[in-house]
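We use all heavy atoms of the structure for the numbers below, so side chains are in, but hydrogens, waters and symmetry mates are not. One-based numbering along the sequence shown. Indexing begins at 1, ligand by ligand and atom by atom, following the structure's order.
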Amino acid sequence: MPPDDLLERVVNLCKRRGFVFPSAEIYGGFRSTYDYGPLGVLALRNVKDAWWRSMVQLRDEVVGIDAAILTSPKVLEASGHLTNFTDPLVDCRNCKERWRADDVAEACPNCGSTDLTQPRPFNTMFKTHAGPVEDEGAEVYLRPETAQGMFLDFASVLQTTRKRPPFGIAQIGKSFRNEITPGNFVFRTREFEQMEMEYFVPPAEANTWFEYWCAERMAWYQSLGIPEDRLRLREHDKEELSHYSARTADVELAFPWGWGELEGSGNRTDYDLKAHSAASGERLEYFEPSTGERYVPYVIEPAAGATRAMMAFLLAAYDEDEVGGEHRTVLRLNRRISPYAVTVLPLSKKETLTPVARKVLALCQPHFMCDYDETQSIGRRYRRQDEIGTPYCVTVDFATLDDMAVTIRERDSTDQVRVPIDGLVEELRARLPLT
Ligand code: GAP
């Protein structure tokens, strides 16, 4: 059973070990923004790589793009975001706090007052100006989702790749939303990373592909170590659907505060392509040369958050147990997600061991993300690596100087095996996944 204060323990570990720091902490932090530290940046990159591998690398019908973050108001007007991308906001007349209406039951969570305004729509897009003049004509938005880039580049991708439906365009990148109540660590922030794929299909096949992608995305989280019983798929009611969606289902995780959205898969129909076609005057459709048929594809969109997913993997991996009568904290992260795959540890800091240990490190570095640690007792160093989820430690000891072999220690079982240095990379390769 996860501890009651799991979130607090994971947040502490993240800060103490360099996964995630509050941004601008020397100034007391800045408006729920976060920085990813030396370990967080590796884990986050691994989450994104695992997504890219499953959504792009292992498929021949999906290609990637990296579109601009600065977005024209024309795009967001056509997509409906200028009018519809709103959250209902209520003000507390007593303490002047502002809340998302869905976070407030009867009374203000801050002061308990029931003297609240009626909910009113609050557009959550960030607006700024391009160029030196700050007038209306210079207004630009930070994109609130990566998805629009895929619709804007639809015709160029079709033309340059000659793909035919069903095919997908994928993108990973930052999105921005002026959330009224960011919180629960990096679960909801104003600046975050998304991993989205727009899958263009013949309209008659939309429901089949919607169900296909819902199942695929559930399986992805499980394949990376989230237990099945902590995940569920929840389909949205009609009233809950976004302005562009005919159907949406969320992959939800049992977060410490209850079930919460990890990602959503939507059937966006032909809403976006038609809207951009009407507003831009460009034809955004598919022409099938073999039949002479022209149509606007429907879009199935699995839309995930990279930063939220990283948090989910950390929460699911956090564990405490005993090894040899000693308490340890261990992140049972999937090997694809762990910041380091391998850590090289000389048994002691003795001059005779260091050059051999450094040689072992140099052997491993081209193949795996490696750490090297030579300070404090070997037991403490194993604990430190367990706490950050490193699946394998490679220990160089005095016997190594005679037999040119090292010990591989596995994180979860703490089992150890002795292998010759010249077979080490091969042995680790067999145990670690390809990236
Ligand atoms: N293009 C569709 C779309 O953006 P969404 O459900 O609003 O759909 C997709 O966002 C995913 O992006 C969410 O499931 C979540 O993982 C992540 N996400 C959305 N808002 C976020 C926020 N404020 N902070 C962190 N992640 C967020």
Side-chain angles (χ1 to χ4, degrees), residues 20 23 31-34 36 40 44 47-48 51 55 65 67 69 71 75-76 79-81 84-87 100 102-103 122-126 141-152 168-199 210 213-214 217-218 220-221 226 231-236 240-253 255 259-269 271-273 275-276 299-315:
V20 181
S23 190
R31 294 182 177 271
S32 306
T33 50
Y34 291 92
Y36 291 77
L44 184 58
V47 170
K48 292 186 282 186
W51 186 89
M55 302 297 274
I65 60 165
I69 288 174
T71 306
V75 169
L76 297 163
S79 68
H81 284 81
N84 298 314
F85 203 67
T86 57
D87 277 339
R100 263 166 83 123
D102 8 336
D103 292 339
F122 170 73
N123 195 301
T124 57
M125 287 194 296
F126 277 102
Y141 288 85
L142 303 186
R143 66 181 176 197
E145 58 171 8
T146 57
Q148 292 305 316
M150 276 76 100
F151 302 125
L152 300 178
I169 310 180
Q171 178 171 204
I172 298 177
K174 288 223 168 173
S175 292
F176 301 83
R177 297 182 191 176
N178 193 4
E179 301 283 3
I180 302 163
T181 40
N184 282 333
F185 194 38
V186 296
F187 178 82
R188 185 179 289 129
T189 49
R190 296 193 172 109
E191 175 179 345
F192 55 96
E193 272 194 274
Q194 288 190 307
M195 310 185 285
E196 298 196 289
M197 198 265 284
E198 310 304 314
Y199 203 67
F210 174 77
W213 280 110
C214 287
R217 298 304 306 148
M218 278 288 274
W220 185 76
Y221 288 99
I226 301 201
L231 291 170
R232 72 177 187 192
L233 193 70
R234 187 185 65 80
E235 186 145 1
H236 286 205
E240 209 186 332
L241 292 173
S242 313
H243 63 278
Y244 49 72
S245 182
R247 245 181 120 180
T248 295
D250 290 342
V251 175
E252 293 191 334
L253 178 82
F255 281 98
W259 289 101
E261 176 185 338
L262 256 189
E263 75 167 80
S265 287
N267 174 0
R268 293 181 80 128
T269 68
Y271 175 90
D272 300 87
L273 289 180
H276 287 306
V299 173
I300 306 303
E301 174 193 70
T307 37
R308 191 176 287 186
M310 185 189 104
M311 177 180 172
F313 289 125
L314 292 175
L315 286 167

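- Numbered from 1 in the order shown, with element, the atoms of ligand 1 that lie under 4.0 Å from a heavy atom of Glu263 read 14 (O).
- Residue contact check: Leu262 has heavy atoms under 4.0 Å from atoms 14 (O), 15 (C), 16 (O) of ligand 1.
- Within the 4.0 Å heavy-atom cutoff, Arg268 counts among the residues contacting ligand 1.
- Side-chain atoms of Met55 and Arg217, non-hydrogen and from C-beta on, do get closer than 4.5 Å to each other.
- A salt bridge between Glu240 and Arg234 is present, with a side-chain N of the basic residue lying under 4.0 Å from a carboxylate O of the acidic one.
- The closest approach between a heavy atom of Tyr244 and any atom of ligand 1 is below 4.0 Å.
- Residues Glu145 and Arg177 are not paired through a salt bridge, judged by the lack of any N-O separation under 4.0 Å between the basic side chain and the carboxylate.
- Heavy-atom proximity to Glu196, at under 4.0 Å, picks out these atoms of ligand 1: 1 (N), 2 (C), 3 (C), 4 (O).
- A side-chain N or O of Ser175 and one of Gln194 form a donor-acceptor pair less than 3.5 Å apart.
- The distance between the ring centers of Phe176 and Tyr141 does not fall below 6.0 angstrom.
- Between Val251 and Leu233 the shortest side-chain heavy-atom distance falls below 4.5 Å.
- For atom 10 (O) of ligand 1, the nearest protein heavy atom (residue, atom name, distance) is Gln194 NE2, 3.3 Å.
- With ligand atoms numbered from 1 in the order given, ligand 1 contributes 1 (N), 2 (C), 3 (C), 4 (O) to contacts under 4.0 Å with heavy atoms of Glu145.
- Protein heavy atom closest to atom 11 (C) of ligand 1, with residue, atom name and distance, is Ala303 O, 3.7 Å.
- With hydrogens and angles left out, the side-chain atoms of Thr181 and Asp103 include a donor and acceptor closer than 3.5 Å.
- Polar contact check, Glu301 against ligand 1: a nitrogen or oxygen pair lies under 3.5 Å apart.
- An N or O contact shorter than 3.5 Å links Arg177 to ligand 1 by distance.
- For Phe187 and Phe255, the ring centers sit closer than 6.0 Å to each other.
- Neither the backbone nor the side chain of Arg190 has a heavy atom within less than 4.0 Å of ligand 1.
- In this structure, a donor-acceptor pair under 3.5 Å is absent between the side chains of Glu191 and Tyr34.
- Under 4.0 Å from ligand 1, not a single heavy atom of Asp250 appears.
- Between His243 and Tyr271, the ring planes lie perpendicular to each other; the angle is over 60°, past the 30° to 60° tilted range.
- In terms of protein heavy-atom proximity, atom 17 (C) of ligand 1 is closest to Gly305 CA, 3.7 Å.
- The heavy atom nearest to atom 24 (N) of ligand 1, out of those in Asn184, Thr248, Thr189, is found in Thr189.
- The existence of a salt bridge linking Arg232 and Glu252 is confirmed by a sub-4.0 Å separation between a basic side-chain nitrogen and an acidic carboxylate oxygen.
- Here the heavy atom of the protein found nearest to atom 25 (C) of ligand 1 is Phe187 O, 3.1 Å.
- Distance from atom 26 (N) of ligand 1 to its nearest protein heavy atom, with residue and atom name: Phe192 CD1, 3.5 Å.
- Between Pro144 and ligand 1, not a single N/O pair is under 3.5 Å apart.
- Annotation: atom 14 (O) of ligand 1 to nearest protein heavy atom, Glu261 OE2, 2.5 Å.
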